[in-house]
Number of protein chains: 2
Amino acid sequence: MVDRLPHTLRSDALDNRERILDAARALFSADGLDVPMREIARCAGVGPATLYRHFPTKQVLATEAFADQLRACRTIVDDACADPDPWRGLCLVIEKICELHARDRGFSEAFMSAFPGAPDVADREYTVKAVAGLAQRAKDAGHLRSDFVLDDLILILMANKGIHMRSTDTQVMASRRFAGLAIQAFEACPQQAPLPPAARLVSAAPDSA
Amino acid sequence: MVDRLPHTLRSDALDNRERILDAARALFSADGLDVPMREIARCAGVGPATLYRHFPTKQVLATEAFADQLRACRTIVDDACADPDPWRGLCLVIEKICELHARDRGFSEAFMSAFPGAPDVADREYTVKAVAGLAQRAKDAGHLRSDFVLDDLILILMANKGIHMRSTDTQVMASRRFAGLAIQAFEACPQQAPLPPAARLVSAAPDSA
DNA sequence: ACGCTAACGGACGCCCCCGTCCGTTTAGGT
DNA sequence: ACCTAAACGGACGGGGGCGTCCGTTAGCGT
């Protein structure tokens with residue numbers, strides 16, 4: 001059931017592992033998380049058993065496959081927080097994350113499906129806090145509307161996930177347009193109509209932004 | 001294969017037909033279009049054969065099941081076009097259609113999946129023209145940003161479809177918030193940053209709004 | 001060069017969904 | 001009350017995804 005302790009894979013095993021991850025990344029990215037495990041195996045040129053030996057469940061496979069994207073997310077947030085202009089930082093977060101999700105359908109699904117109370121990203125709380133801080137600073141600077149809540153950001157990401165196009169290029173283009181509209185909606189502006197109340201999306205956030 | 005000409009169903013047949021439609025409406029609405037046909041049959045208290053006899057394909061069933069919603073859509077658009085204030089009309093379209101989709105996941109899927117070049121709604125072109133006219137009037141009145149295109153509306157509807165919550169109430173609430181943000185984004189406003197270019201979503205529209 | 005064992009992958013059984021056939025039931029006209 | 005045909009639904013065969021077992025292959029240390 002579990003790999004025993006040698007901790008050092010044989011060269012062919014390591015090779016297969018990489019090929020599986022590559023195939024998974026490609027298929028998840030293009031078709032979402034619903035691709036059959038066998039399809040991934042076939043595409044990687046291995047048998048189903050080999051796939052299951054390396055990654056006992058799709059969850060495990062996806063987690064490994066999306067490690068890069070997760071790191072990218074973290075980097076985006078860190079960069080944004082480092083920006084001296086918090087509003088610019090927040091805009092960057094929205095634009096970059098939307099684009100990341102637009103380019104990788106599977107990551108988008110995995111990222112969002114795991115949202116309410118997912119035990120899978122350990123530093124989720126840290127990231128949430130960081131973005132909340134960024135948003136607060138943007139509000140203080142008068143660039144972000146004062147009734148913005150963090151749930152709005154999640155709302156935008158969920159919505160962005162709903163945008164599906166055939167070609168990746170069109171997808172990214174549409175997503176960019178969408179991000180632009182979202183930013184527009186978030187920008188503080190003299191004659192602003194009040195928004196409908198926000199639905200609670202992030203499980204337990206005492207003061208979300 | 002096809003029902004022969006008597007044109008008058010037996011009372012039990014008619015009854016079953018209604019029960020099937022009711023079940024389909026309920027299940028589609030709650031769980032989307034992916035519910036198995038057998039589940040609908042089971043829920044309606046009939047055998048699979050009866051279901052298939054009345055509705056040979058899921059497409060046919062869905063079309064009949066969503067007739068009400070489609071009429072509601074049409075009514076919303078007509079009402080909006082009749083509104084003396086075109087901006088108010090456009091806002092109503094966005095709010096009402098988003099809510100309609102939020103309340104009925106299956107309808108939302110059916111409506112949007114059938115979008116690029118669907119041969120299924122005959123008066124699609126009429127509706128598109130009507131909304132385009134409404135948008136143009138809203139622009140002329142100076143309430144709708146001048147770089148708005150009809151594709152933006154489709155974009156919003158696709159995005160709205162991406163918002164999924166457990167309870168319908170939360171779903172509607174989130175969707176309302178989203179519609180509010182969308183309207184905010186569309187509103188003409190002095191210091192407006194230019195949006196990224198729109199991706200073509202509606203197949204052949206020479207001058208979309 | 002050889003053997004040991006890690007690693008492989010074809011094949012199996014399971015379950016769920018699909019669409020159809022056909023023997024049985026029952027509505028409704030006489 | 002009876003007969004006929006409309007309508008029903010259980011049951012079937014096909015297809016596909018799932019996760020696992022086990023006989024075979026081949027990497028690697030000696």
Side-chain angles (χ1 to χ4, degrees), chain A residues 1-65 105-106 109-110 113, chain B residues 1-65 105-106 109-110 113:
Chain A
M1 188 67 74
V2 261
D3 283 339
R4 291 311 298 141
L5 277 181
H7 276 86
T8 161
L9 286 173
R10 234 168 60 177
S11 66
D12 57 341
L14 200 85
D15 195 48
N16 277 337
R17 189 188 149 85
E18 280 316 310
R19 294 232 305 286
I20 290 171
L21 277 174
D22 283 344
R25 275 189 270 261
L27 290 175
F28 282 156
S29 167
D31 305 334
L33 290 179
D34 283 347
V35 284
M37 288 292 258
R38 295 185 124 69
E39 174 71 14
I40 297 173
R42 209 173 309 132
C43 185
V46 302
T50 300
L51 173 53
Y52 282 109
R53 193 171 315 112
H54 284 289
F55 308 97
T57 176
K58 191 180 276 190
Q59 168 79 24
V60 171
L61 176 57
T63 302
E64 298 250 13
R105 185 173 155 194
E109 287 176 18
S113 79
Chain B
M1 186 67 75
V2 261
D3 282 340
R4 292 313 297 142
L5 277 181
H7 276 86
T8 161
L9 286 173
R10 235 167 61 176
S11 67
D12 57 343
L14 199 86
D15 195 49
N16 277 336
R17 189 189 150 83
E18 280 316 309
R19 294 232 306 285
I20 290 170
L21 277 175
D22 283 344
R25 274 190 269 261
L27 290 174
F28 282 156
S29 166
D31 305 333
L33 291 178
D34 283 348
V35 284
M37 288 292 258
R38 293 188 125 69
E39 175 71 15
I40 297 172
R42 209 173 310 133
C43 186
V46 303
T50 300
L51 173 53
Y52 282 110
R53 192 173 315 112
H54 283 288
F55 308 96
T57 175
K58 190 179 276 188
Q59 168 77 25
V60 172
L61 176 57
T63 302
E64 297 249 14
R105 185 172 156 194
E109 287 176 17
S113 79

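Convention: sequence-line order gives letters A, B, ...; per-chain numbering from 1. Worth knowing before you read on, the calculation uses all heavy atoms, side chains too, and leaves out hydrogens, waters and symmetry mates. Quick caveat, the model's predicted, so the values are computed rather than measured.
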Smallest heavy-atom separation, A:R17 atom then A:L9 atom, equals CD-CD1, 4.1 Å
Less than 4.0 angstrom from a charged side-chain N to a carboxylate O is my criterion; do A:R25 and A:D22 meet it? yes
Mind listing the N/O atom pairs, protein and nucleotides 24-27 of chain D, below 3.5 Å?
| residue | atom | partner | partner atom | Å |
| --- | --- | --- | --- | --- |
| D:dG27 | O4' | A:R10 | NE | 3.4 |
| D:dG27 | O3' | A:S11 | OG | 3.4 |

To the nearest angstrom, the CG-P distance between A:L9 and C:dC8 comes to 8 Å
Using whole Å, what does the distance between atom C1' of nucleotide C:dC8 and atom CG of A:L14 come to? 15 Å
Minimal heavy-atom distance between A:F28 and A:A65, with the atoms involved, is CD1-CB, 4.4 Å
Within residues 21-28 of chain A, find the residues that approach DNA chain D with a heavy atom at under 4.0 Å, and present them sorted by residue number. none
Whole angstrom value for the distance that separates P of C:dC8 from CD of A:E18: 13 Å
Only one of A:L21, A:I40, A:T50, A:T63 passes side-chain contact (heavy atoms from CB on, under 4.5 Å) with A:F55; say which it is. A:L21
A:D34 CG to D:dC18 P: how many Å, rounded? 10 Å
Side chain proximity check, A:D31 to A:E39, heavy atoms < 4.5 angstrom: no
Would you mind reading off the distance between A:H54 atom NE2 and D:dG19 atom P, rounded to a whole angstrom? 17 Å
Pairs under 3.5 angstrom, nitrogen or oxygen only, protein versus nucleotides 9-12 of chain C, please.
| residue | atom | partner | partner atom | Å |
| --- | --- | --- | --- | --- |
| C:dG9 | OP2 | A:G47 | N | 3.2 |
| C:dG9 | OP2 | A:T50 | OG1 | 3.1 |
| C:dG9 | N7 | A:R53 | NH2 | 3.4 |
| C:dG9 | O6 | A:R53 | NH2 | 3.3 |
| C:dA11 | N6 | A:R38 | NH2 | 3.4 |

From A:R10 CZ over to A:N16 CG, what is the distance, rounded to the nearest 0.5 angstrom? 10.0 Å
Value in whole Å for how far the P atom of C:dG19 lies from CG of B:L61: 12 Å
Identify the heavy atoms of B:L27 and B:C43 that sit nearest to each other, and give their distance. CD1-CB, 4.0 Å
Gap between atoms CD and P, on A:E39 and D:dC18 respectively (whole Å): 10 Å
For the student: nearest non-hydrogen atoms of B:H54 and B:I20, plus distance: CD2-CD1, 4.0 Å
Exercise: identify the closest heavy-atom pair between B:V35 and B:K58: O-NZ, 3.0 Å
Over all heavy atoms of both residues, which pair between A:L61 and A:M37 is shortest? Give the atoms and the distance, please. CD2-SD, 4.3 Å
Interatomic distance, A:F55 CZ vs D:dC18 P [rounded to whole Å]: 16 Å
Pairwise 5' ranking along DNA chain C for A:A13 and B:Y52, keeping only the more 5' one: A:A13
